[in-house]
Amino acid sequence: MVSSFEILLTIIIIYFAARVTRMEERVNQLEANFNRHVKEGSMEESNTSHMGKAFGNADASFTGTVTDIAKGIKQSVDEVRR
């Protein structure tokens with residue numbers, strides 16, 4: 001028999017999954033708008049590649065994330081050296 005605690009736990013998990021999904025949609029929309037403004041020239045490009053890509057990453061594994069961060073750090077160091 002399912003206890004009320006298990007039901008509550010299931011509801012909490014579903015709630016947070018829905019929140020994360022909604023947050024991801026909002027960030028993706030903000031990123032799309034930002035990219036559109038950069039292409040139009042009304043905004044300058046932000047240099048945040050050292051932080052990695054939060055959502056929509058093709059390689060979402062741990063090694064892919066570490067690789068993205070390492071590439072971003074290398075780009076930042078190269079820019080500082082110029």
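The figures that follow rest on heavy atoms only: side chains count, while hydrogens, waters and symmetry mates do not.
Separating the CD atom in Glu31 from the CG atom in Asn35 is a distance of 5.5 Å, to the nearest 0.5 Å. Interatomic distance, CD1 of Ile11 versus OG of Ser4, reported as 10.0 Å (0.5 Å rounding). Annotation: the span from Phe16 atom CZ to Met23 atom CE amounts to 10.0 Å, rounded to 0.5 Å. For the atom pair Asn33 CG and Asn28 CG, the distance stands at 11.0 Å (nearest 0.5 Å).
Hydrophobic clustering, with ILVMFWY side chains joined whenever heavy atoms are under 4.5 angstrom apart, keeps Ile7 apart from Ile12.
Here the side chains of Gln29 and Arg26 are not in contact, with every heavy-atom distance at 4.5 Å or above.
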